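As a basis for the values below, the full set of heavy atoms in this structure was taken, side chains included, without hydrogen atoms, waters or symmetry mates. Small disclaimer: the values here were computed from a predicted structure and weren't measured. Counting from 1, the numbers follow the sequence of the chain as shown.
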Amino acid sequence: MAFSGLATAIPLVTFAYGVQHSHYLTVSFIQYLNPLIQFCVAVLLLHGPMRQSHCFPDFTKN
């Protein structure tokens, strides 16, 4: 618990450094693709459960 602040600060500082030294178009494109990449890793590599109800929610149910 003592190092949780440090464990949070290090990725934020390195991200800020990386953004300052990159093109904003590159950073925004990576942030746009990030959820898709996480989804593909979860389903394809880690074999996470994926049912039809995850893709198409049924709004008729209460």
Side-chain angles (χ1 to χ4, degrees):
M1 192 70 159
F3 295 107
S4 62
L6 188 61
T8 302
I10 290 174
L12 291 174
V13 169
T14 56
F15 176 76
Y17 178 81
V19 167
Q20 290 176 352
H21 294 85
S22 299
H23 296 285
Y24 286 117
L25 180 63
T26 304
V27 174
S28 62
F29 185 67
I30 291 172
Q31 287 187 335
Y32 176 76
L33 287 179
N34 187 28
L36 177 65
I37 293 169
Q38 287 181 352
F39 173 76
C40 290
V41 167
V43 173
L44 300 174
L45 296 178
L46 302 176
H47 304 291
M50 186 63 191
R51 295 185 299 272
Q52 185 177 6
S53 62
H54 289 130
C55 295
F56 305 106
D58 187 9
F59 293 112
T60 60
K61 293 181 180 179
N62 290 332

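Residues that satisfy the ring-ring contact (aromatic ring centres under 6.0 Å, His included) test with Tyr17, not counting sequence neighbours, are His21.
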Identify every side-chain donor-acceptor pair in residues 27-45 under 3.5 Å, counting partners at least two apart or on other chains, and give the distances.
residue	atom	partner	partner atom	Å
Ser28	OG	Tyr24	O	3.1
Ser28	OG	Leu25	O	2.9

Tabulate below the donor-acceptor pairs under 3.5 Å that side-chain atoms of residues 5-13 make, not counting sequence neighbours, or state none.
residue	atom	partner	partner atom	Å
Thr8	OG1	Ser4	O	2.9

